[in-house]
Visitor: 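Below is the structure I would like to discuss, written out as structure tokens.
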There are 2 protein chains.
Amino acid sequence: MSSITPAKIKPSLRDVADAAGVSRSAASLVLNDGDIRISDEKRKLIMDAARELGYRPHVGARRLSLQKTDTIGLVIPQDLSRLSQLYLFELTRHITEAAKYRNYDILLDFLHPAKPESPAADPTRVDGAVLISTRTAEDPSFNLIQENLPCVFIGGAFLDRPPENYVDFDIKTGTSEATRHLIGLGHTDIAFMAGIASPVKYSGYADAMKEAHLTPQKPRVTGPGDPDKETSRALEAVFNEHPNTSAIVAANDTLAIRLVKALTKKGMLIPNDVSVVGFDDIETSSLIMPSLTTVRIPMKELAVLTVNHLIDLIREKRTEPLHEILPTELILRDSTRSPRN
Amino acid sequence: MSSITPAKIKPSLRDVADAAGVSRSAASLVLNDGDIRISDEKRKLIMDAARELGYRPHVGARRLSLQKTDTIGLVIPQDLSRLSQLYLFELTRHITEAAKYRNYDILLDFLHPAKPESPAADPTRVDGAVLISTRTAEDPSFNLIQENLPCVFIGGAFLDRPPENYVDFDIKTGTSEATRHLIGLGHTDIAFMAGIASPVKYSGYADAMKEAHLTPQKPRVTGPGDPDKETSRALEAVFNEHPNTSAIVAANDTLAIRLVKALTKKGMLIPNDVSVVGFDDIETSSLIMPSLTTVRIPMKELAVLTVNHLIDLIREKRTEPLHEILPTELILRDSTRSPRN
DNA sequence: ATGAAAGCGCTAACAC
DNA sequence: GTGTTAGCGCTTTCAT
């Protein structure tokens with residue numbers, strides 16, 4: 001009866017060993033990378049038995065024994081108010097692929113701001129975590145940090161108290177470049193607008209202005225409330241104070257798109273009457289009319305760098321904190337041109 | 001020396017039991033839901049010890065012992081050609097939340113079409129899987145199906161050989177409704193256009209036309225290649241054959257947006273000269289000018305239904321296949337109106 | 001080169 | 001009620 005192999009039940013390593021007439025350790029050695037030590041005949045015996053039984057290793061058991069999970073937590077803030085969703089999905093995809101390439105699984109979680117805990121940041125489920133920063137001081141992801149849990153942030157570099165490990169992109173220089181592009185086109189009255197206060201981007205804008213001996217306008221913030229209405233309101237304010245404004249730097253693409261809409265409603269043509277630049281290069285930006293001049297984020301590099309560093313941290317290959325700021329890229333499209341005058 | 005609690009090393013259940021002077025099983029019973037059976041004094045003893053040691057249960061060990069993973073795989077096709085990314089991200093978020101609500105983790109993976117296997121569909125890592133269908137006959141997700149792995153598809157209902165368990169939304173009726181809306185507005189020459197052949201949506205369109213005693217045009221497919229060029233080309237074809245076309249039903253929002261752009265370039269005004277309806281209600285659709293009349297997918301219901309059914313499957317609460325088709329909702333916005341004359 | 005045996009941290013049957 | 005014990009499936013000393 002021992003020769004009858006039960007096809008239904010999932011075979012364990014022990015079953016393979018028994019079938020091959022060897023010990024469990026031998027089977028383990030062979031089925032893993034531990035090639036050496038076992039004679040070729042036994043090895044073949046084991047391989048054959050494994051194949052015949054349809055043996056598949058039990059990842060959970062292996063992990064318990066090895067005291068590691070081979071999985072990385074990915075924590076995305078639930079409150080995406082300022083983060084473009086598309087940006088996040090792209091990022092998610094790249095992170096997942098980067099992790100997979102290194103043989104790590106991804107445990108995904110969306111962080112509810114109210115209760116700052118996450119399975120994706122539980123040291124018994126993951127070896128480490130990637131935390132997407134909200135870029136705000138009260139970033140709930142900070143509460144997930146704990147001893148025993150290596151983690152690296154994406155974003156957060158420009159906070160007053162930045163996280164220990166982060167990868168970010170250079171929002172300041174990016175905004176400066178966008179502004180300089182406008183200045184190069186001949187614009188002199190350039191406004192800056194953001195969904196919520198964005199001091200770093202604003203300083204990028206302001207620096208570029210000063211550098212060209214132009215006076216920066218004060219930052220406009222649309223704030224909460226109905227986005228379209230808020231955008232119109234902010235726009236009103238801009239033109240009240242600076243009637244000759246011929247270009248606007250928006251802190252993100254969604255806002256830029258709303259601006260285009262609001263300006264058009266006011267009877268202004270883009271880019272003929274007003275130029276607009278965005279930030280993020282979300283998919284929509286190339287789709288709309290006019291297509292949007294904007295600043296592209298190096299998404300894939302961001303992801304790869306983050307994952308690789310996290311794994312180094314996990315494996316204790318390095319311990320120095322990671323402070324990486326990647327350059328952005330200005331994408332020229334149809335929403336900007338020289339001013340009329 | 002036994003009174004010195006090593007603060008550094010992570011305490012296990014055994015440590016707690018020892019510290020409390022009880023057996024491991026007692027500790028286990030108390031720390032889980034198994035409330036009964038243990039006297040209040042012992043219970044308190046154990047709780048105190050656990051708290052003091054900072055005991056956190058080891059999820060992996062628990063899972064091995066219980067022979068389950070409490071995690072659900074989420075497999076997203078890498079080839080997103082026809083699936084809106086935003087749609088997918090929304091879906092991902094809702095699925096993750098639904099799973100979390102039921103105390104399941106999400107193991108995320110993007111499926112490379114070339115090699116049809118996925119950690120998120122490995123029975124030793126997940127208890128079951130949610131598979132996003134590409135809605136094509138060669139859907140690589142089908143290769144992930146295996147005994148021992150409960151899984152439910154999202155989409156795929158309208159394939160010739162649909163999956164055993166699926167939740168989908170009614171693309172046919174949705175398209176019909178969109179078409180009827182156009183007809184109700186007074187349009188008689190209505191075109192249908194898709195990115196790749198979409199027989200079901202087309203039949204929804206055609207049925208609505210016939211029902212109103214109008215003759216459906218043949219379907220237009222933009223196909224691969226530069227999307228904007230392809231869209232213009234398809235549009236050319238439409239107007240060549242049907243010069244009086246005053247409305248277009250697009251199979252998805254992205255295409256609809258491209259249509260708006262292409263039409264505008266041809267000097268036509270939307271919706272004055274031509275009405276356009278989309279499908280999906282991606283975020284962009286409300287953002288652009290004119291905002292897009294489209295068909296909304298019940299994303300959250302889709303996710304909740306899928307996850308709940310999957311869990312029922314996992315727990316063997318039910319075994320009958322799930323064939324659920326949810327209704328869509330027509331969203332009226334600014335890209336449609338009565339024809340001119 | 002090979003196998004016996006202990007152990008990863010937890011749960012659950014079974015005695016007491 | 002409570003504790004002992006035997007696993008879950010795998011890895012890994014440590015003898016042989």
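By convention in this document, chain letters (A, B, ...) are assigned in the order of the sequence lines, proteins followed by strands, and residues within each chain are numbered from 1.
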Visitor: Can you tell me the distance, in whole Å, between the CG atom of L13(B) and the P atom of dG7(C)?
Guide: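 For the pair L13(B) CG and dG7(C) P, the rounded distance is 17 Å.
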Visitor: OP1 or OP2 of dG9(C) sitting under 4.0 Å from any side-chain N/O of R62(B)?
Guide: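 So the side-chain polar atoms of R62(B) never come under 4.0 Å of the phosphate oxygens OP1 or OP2 of dG9(C).
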Visitor: Identify, with sequence neighbours excluded, every residue that meets side chain to side chain contact (heavy atoms under 4.5 Å, CB included) alongside A120(A).
Guide: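 Partners of A120(A) under the side chain to side chain contact (heavy atoms under 4.5 Å, CB included) test: V75(A), L107(A), D109(A), S118(A).
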Visitor: What residues, two or more places apart in sequence or in another chain, satisfy side-chain hydrogen bond (donor to acceptor under 3.5 Å, both in side chains) together with S141(B)?
Guide: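 Partners of S141(B) by the side-chain hydrogen bond (donor to acceptor under 3.5 Å, both in side chains) criterion, ordered by chain and then number, come out as D139(B).
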Visitor: For P116(A), enumerate each residue passing the side chain to side chain contact (heavy atoms under 4.5 Å, CB included) test, keeping only those at least two apart in sequence or located in another chain.
Guide: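 Partners of P116(A) by the side chain to side chain contact (heavy atoms under 4.5 Å, CB included) criterion, ordered by chain and then number, come out as N143(A).
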Visitor: Name the residue closer to the 5' end of DNA chain D, choosing between A26(A) and G60(A) according to the nucleotide with the nearest heavy atom.
Guide: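 Here G60(A) is the residue nearer the 5' end.
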Visitor: Who passes side chain to side chain contact (heavy atoms under 4.5 Å, CB included) against P298(A), sequence neighbours left out?
Guide: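 Listed in chain order: F169(A), E301(A), L326(A).
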Visitor: Rounded to whole angstrom units, what separation is found between the CG atom of L29(B) and the C1' atom of dA12(C)?
Guide: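 Nearest whole value for this atom pair: 9 Å.
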Visitor: Could you state the atom-to-atom distance from CG of D18(A) to C1' of dG9(D) in whole Å?
Guide: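 D18(A) atom CG is separated from dG9(D) atom C1' by 13 Å.
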Visitor: Please report the end-to-end axis angle for the helix from dA1(C)-dT16(D) to dC16(C)-dG1(D), five pairs per end, rounded to 10 degrees.
Guide: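 Angle reported: 50°, given to the nearest ten degrees.
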Visitor: Send over the distance from Q67(B) CD to dG9(D) P, rounded to a whole Å.
Guide: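 Answer to the nearest Å: 4 Å.
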Visitor: Expressed as a whole number of angstroms, how long is the span from R125(A):CZ to dC10(C):P?
Guide: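 Atom-to-atom, R125(A) to dC10(C), this comes out as 13 Å.
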Visitor: What is the distance from CG of D70(B) to C1' of dC8(D), rounded to the nearest Å?
Guide: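 About 15 Å, once rounded to whole Å.
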Visitor: How long is the line joining CG of L64(A) and C1' of dT11(C), in whole Å?
Guide: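 Nearest whole value for this atom pair: 13 Å.
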Visitor: With respect to the side chain of S28(B), which nucleotide from dT11(C), dC10(D), dG9(C) is positioned closest?
Guide: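 Ranking dT11(C), dC10(D), dG9(C) by closest atom to the S28(B) side chain puts dT11(C) first.
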Visitor: Please collect all salt bridge (charged side-chain N to carboxylate O under 4.0 Å, His left out) contacts where either partner lies in residues 122-133 of chain A, sequence neighbours excluded, each pair once.
Guide: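 Residue pairs passing salt bridge (charged side-chain N to carboxylate O under 4.0 Å, His left out), neighbours aside: D122(A)-R125(A), R125(A)-D105(B).
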Visitor: Determine which pairs satisfy ring pair (Phe, Tyr, Trp, His ring centres under 6.0 Å) with at least one residue from residues 130-153 of chain B, sequence neighbours left out, and list them in order.
Guide: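 For residues 130-153 of chain B, and leaving out neighbouring residues, the ring pair (Phe, Tyr, Trp, His ring centres under 6.0 Å) pairs sorted by first residue read F142(B)-F153(B).
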Visitor: Using heavy atoms to find the nearest nucleotide of DNA chain D for D40(B) and H58(A) separately, return the residue whose nucleotide is more 5′.
Guide: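 Final value for this comparison: D40(B).
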Visitor: Closest to the L66(B) side chain: dG3(C), dT11(D), dT11(C)?
Guide: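 Among dG3(C), dT11(D), dT11(C), the one nearest the side chain of L66(B) is dT11(C).
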Visitor: Could you note down all residue pairs passing ring pair (Phe, Tyr, Trp, His ring centres under 6.0 Å) where residues 47-70 of chain B supplies at least one of them, sequence neighbours left out?
Guide: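 Those involving residues 47-70 of chain B do not exist here.
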Visitor: If you only use heavy atoms from C-beta on, which nucleotide in dG9(C), dT11(C), dA4(C) is closest to the side chain of S23(A)?
Guide: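 Minimum distance to the S23(A) side chain belongs to dA4(C).
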Visitor: Look for any protein N or O under 3.5 Å of an N or O in nucleotides 5-7 of chain D and output each such pair with its distance, or none.
Guide:
{"residue": "dG7(D)", "atom": "N2", "partner": "S65(B)", "partner atom": "OG", "Å": "3.3"}

Visitor: In Å, rounded to the nearest 0.5 Å, how long is the span from CG of L91(A) to NZ of K300(A)?
Guide: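 Answer for the CG-NZ pair, L91(A) versus K300(A), is 13.0 Å.
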Visitor: May I ask you to check whether over 12 heavy atoms, not counting those of E316(B), lie within 6.0 Å of atom CD?
Guide: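 Incorrect, the count does not exceed 12.
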Visitor: Among the candidates dT12(D), dC10(C), dT2(C), find the nucleotide nearest to the side-chain atoms of K42(A).
Guide: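 Side chain of K42(A) sits closest to dT2(C).
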Visitor: State whether the number of non-hydrogen atoms from other residues, nucleotides or ligands found under 6.0 Å of R315(B) atom CZ is greater than 12.
Guide: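 Check passes, neighbour count above 12.
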Visitor: Could you tell me how far apart R14(B) (CZ) and dG7(C) (P) are, to the nearest whole angstrom?
Guide: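 Taking atom P of dG7(C) as the reference, CZ of R14(B) is at 8 Å.
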